[in-house]
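Written below as structure tokens is the structure these notes are about.
In this text, all values refer to a predicted model and were calculated from it rather than measured experimentally. Worth knowing before you read on, the calculation uses all heavy atoms, side chains too, and leaves out hydrogens, waters and symmetry mates.
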Amino acid sequence: MPPDKIHERASQVLPDRNAEIVVYCGSPNCTASEKAAKELERQGYTKIQRYVGGKQDWLAAGLSLEGAPQEAVATARDTVAASPTHAAR
């Protein structure tokens with residue numbers, strides 16, 4: 001979901017504010033995932049991770065774009081960074 005749509009759609013698409021959520025950009029140089037993580041945190045989501053490698057790296061690792069099985073999320077943990085605002089708490 002694009003960061004500019006999170007404000008209006010997150011609660012419909014992501015009803016569980018305690019679910020693990022991984023956000024990512026199209027490339028490692030993109031900042032949209034950081035903006036998305038901040039907006040999700042503003043809305044009360046508590047388990048936000050940012051995959052710093054970007055979408056292409058995520059796909060190359062064989063990970064799902066939606067509804068990732070728990071094993072894929074666990075595999076990705078070595079390459080995700082906690083959201084900067086969440087990590088600062």
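Residue pairs meeting the ring-ring contact (aromatic ring centres under 6.0 Å, His included) criterion with at least one partner in residues 2-21, sequence neighbours excluded, are absent.
Separating the CE atom in Met1 from the CD atom in Gln12 is a distance of 8.5 Å, to the nearest 0.5 Å. For the atom pair Leu63 CG and Tyr24 OH, the distance stands at 10.0 Å (nearest 0.5 Å). Leu40 contributes atom CG, which lies 14.5 Å from atom NZ of Lys47 (distance to the nearest 0.5 angstrom). In this structure, CZ in Arg50 is found 15.5 Å from CD1 in Ile21, a value given to the nearest 0.5 Å. Here Ile48 contributes atom CD1 and Thr46 contributes atom OG1; the two are 7.0 Å apart, rounded to the nearest 0.5 Å.
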Does the pair Ile6 and Gln43 meet the rule for a side-chain contact (heavy atoms from CB on, under 4.5 Å), with working shown? CA-CA 9 Å; Ile6 289 174; Gln43 291 191 31; 3.9 Å; yes
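Put simply, the side chain of Ser11 reaches to within 4.5 Å of the side chain of Arg17, judged on heavy atoms.
Cys25 approaches Cys30 most closely through the heavy-atom pair SG-SG, 2.7 Å.
No donor-acceptor distance shorter than 3.5 angstrom exists from the side chain of Tyr45 to the backbone of Glu20, with no hydrogens or angles considered.
For the 3.5 Å distance criterion, the side chains of Tyr51 and Asp57 qualify, holding a donor opposite an acceptor.
Under a 4.0 Å N-O distance rule, the pair Glu34/Lys38 qualifies as a salt bridge.
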